[in-house]
Structure formats: C-alpha cells, structure tokens
Amino acid sequence: MKTYGQRCPLARALDLIGERWTFLVVRELLLGPRRYTDLLDGLPGVGTNILAARLAALQAAELVVKRTLPAPTAVTVYELTDAGRALGPTVRSLSAWGEQHGAPATDGQVVRPGWILLSVARRGSRLEAGRSCELWVGGDVFELTAGDGELSVAAGSAPAADAVVTMAPDVFYALATGRLTAQAARERVEVEGDASVAAGVLDAVSGAAG
C-alpha cells in the first residue's frame, strides 16, 4: 500500500482512500449494497482489474465488506461498513464543492440517475418526514425516503412506498438539467399512489444537475 508517511489525519485518510476510483466506489456504495456488475455499470471507464484492486483495498481497510444475500436471492454484494458510511458527509461536501468549483460539465460526459439523486439528497427533503417514493428511471429503481429535513436515496425497490413514479431516462435528465419543468414533467410520468409525494419528488429532481 502506498503511503504519504505523514503523521497527519488528512494524509492518513488519503493513504486509504486517495487512490483513483476509490472515492467513486464509495459513492456507488452509498446507494446501498451493490453487486460487482452494479459497480462496473456505475463506474464507466474503470477496468475490472482496477475495480477488483480498489474493492480489495477497501476491504483490507475495513471500509467495505463482501457478503452473500440470503436465499432466494443468494447473490454476492459489497457494502460499506460503519467506517465506510462515515465518509458520506465528506462525499457530499466534495460533491457540493465540485458543483461550484469543479471542471465544467459537458454533454459528452457520462451520467447515471444515481449520481443525480445523490445530489438531490444533499439538498435536503422536499417531502414530509416519513414519506417515501419508489422511483423508476428506465430500468433503474431507487427508494427515496424523507427524514427530519433529510432525504435518503438507496438503489432498489420500496415495497411500502407512498408513491411509485416511473419515467423515461430522457425525461429524468431533462428535468434534472432544467430543460423540463416539474409541472411539464408531471404530464410525462406515470404515478401510482400519493400524487403529492410524486410531485415532491419531481420538484426535488428539478434542476438538480443544472
């Protein structure tokens, strides 16, 4: 393992998470347990050998664990430990810094719904505490749950959701980039359940990637 050899908390942190791709692996796992193939999809451009090496390093640092889900699923997933989840505020702060000071966004850059939804969550909740929504963007599904002024986002379905919102990826990205208003988006999405919850989600996504 490469090390800065400095007795400084920042340097010691970067000894563990400073390698290229590592922070982005953590970003993906903040959405919840992920299969290896999920991580590959969420990290376009990463080589399989690099991803395997980063996951191994994160496991050795006890920031990530690997486990098999119980039957009937029985698939292997990676998930953050408590120490790994403690990186959440740092990831959100760095993301906020990137929005203001990062390299300019371009149309040629890859984007995923989960990345935008993490930005949505960072803005705080637009929903009443305790309310939840299952959001489908093409074939991707997410659970959005409102807490006390906070919004959590996790990959996967939400069986007890107050509303289910389904939209095409082009509608989602148009809404997130401000090319489509929340009001206009309501005419292009499918909603089951509580319409006010669905409206709150659309409002939250609106302009999140502007």
Side-chain angles (χ1 to χ4, degrees), residues 23-32 34-35 37-46 88 91-129 131-147 149-159 161-210:
F23 243 111
L24 299 186
V25 172
V26 173
R27 176 197 66 192
E28 294 303 303
L29 292 176
L30 284 172
L31 290 168
R34 311 286 270 167
R35 298 172 300 174
T37 52
D38 295 329
L39 292 171
L40 277 177
D41 180 67
L43 297 165
V46 71
V91 172
R92 289 190 287 272
S93 294
L94 192 56
S95 178
W97 184 92
E99 282 188 354
Q100 185 172 0
H101 303 291
T106 67
D107 291 338
Q109 292 171 331
V110 180
V111 66
R112 293 287 187 271
W115 307 345
I116 294 174
L117 291 175
L118 287 174
S119 294
V120 170
R122 187 164 42 77
R123 292 175 160 195
S125 178
R126 306 280 182 98
L127 303 178
E128 188 180 332
R131 308 288 265 169
S132 64
C133 177
E134 181 175 288
L135 174 63
W136 285 85
V137 182
D140 295 317
V141 59
F142 302 92
E143 179 181 14
L144 282 67
T145 306
E150 298 181 350
L151 184 70
S152 63
V153 177
S157 59
D162 298 296
V164 178
V165 177
T166 304
M167 67 178 78
D170 62 330
V171 174
F172 177 81
Y173 293 127
L175 176 63
T177 55
R179 291 180 287 115
L180 185 69
T181 66
Q183 184 174 358
R186 288 169 195 166
E187 300 177 3
R188 300 179 59 181
V189 304
E190 296 180 14
V191 175
E192 299 177 26
D194 193 319
S196 66
V197 170
V201 168
L202 295 179
D203 287 340
V205 173
S206 180

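Hydrogens, waters and symmetry mates are skipped; everything else that's a heavy atom, side chains included, is used.
- Across every non-hydrogen atom of Arg131 and Ser196, the tightest pair is NH2-OG, 4.3 Å.
- For the atom pair CG (Leu144) and CG (Leu127), the distance works out to 7.5 Å, reported to the nearest 0.5 Å.
- For the residue pair Arg123 and Ala208, the shortest heavy atom distance occurs at NH2-CA, 3.2 Å.
- Here the closest non-hydrogen pair linking Ser132 and Thr145 is CB-OG1, 3.9 Å.
- Residue Phe172 holds its CZ atom at 6.5 Å from CG of Leu135, rounded to the nearest 0.5 Å.
- In terms of heavy-atom proximity, Gln109 sits nearest to Pro104 at NE2-O, 3.6 Å.
- Within 6.0 Å of CD on Glu99 lie more than 12 heavy atoms contributed by other residues, nucleotides or ligands.
- Under a 3.5 Å cut-off, the side chain of Arg27 and the backbone N or O of Gly42 do form a donor-acceptor pair.
- Between the CG atom of Leu175 and the CG atom of Asp170 there is a distance of 11.5 Å, given to the nearest 0.5 Å.
- With Glu134 contributing its side chain and Ser157 its backbone, the two residues share no donor-acceptor pair below 3.5 Å.
- Two residues are said to be in side-chain contact when any heavy atoms from C-beta on lie closer than 4.5 Å; Trp115 and Glu28 meet this criterion.
- The CG atom of Leu117 lies 11.5 Å from the OG atom of Ser152; values are rounded to the nearest 0.5 Å.
- Proximity of Val153 to Val120: side-chain heavy atoms (C-beta onward) are nowhere separated by under 4.5 Å.
- Among all heavy-atom pairs drawn from Pro169 and Val137, the shortest one is CA-CG1, 3.8 Å.
- With rounding to the nearest 0.5 angstrom, the CG atom of Asp38 is 10.5 Å from the CG atom of Leu43.
- By the 4.5 Å heavy-atom criterion applied to side chains, Val197 and Val165 are not counted as neighbours.
- A salt bridge links Arg186 to Asp203: at least one charged side-chain nitrogen sits closer than 4.0 Å to a carboxylate oxygen.
- For the pair Cys133 and Phe142, the minimum side-chain heavy-atom distance is 4.5 Å or more.
- Looking at Arg112, its side chain does come within 3.5 Å of a backbone N or O of Asp41 through a donor-acceptor pair.
- At a threshold of 4.5 Å between non-hydrogen side-chain atoms, the residues Leu202 and Met167 count as touching.
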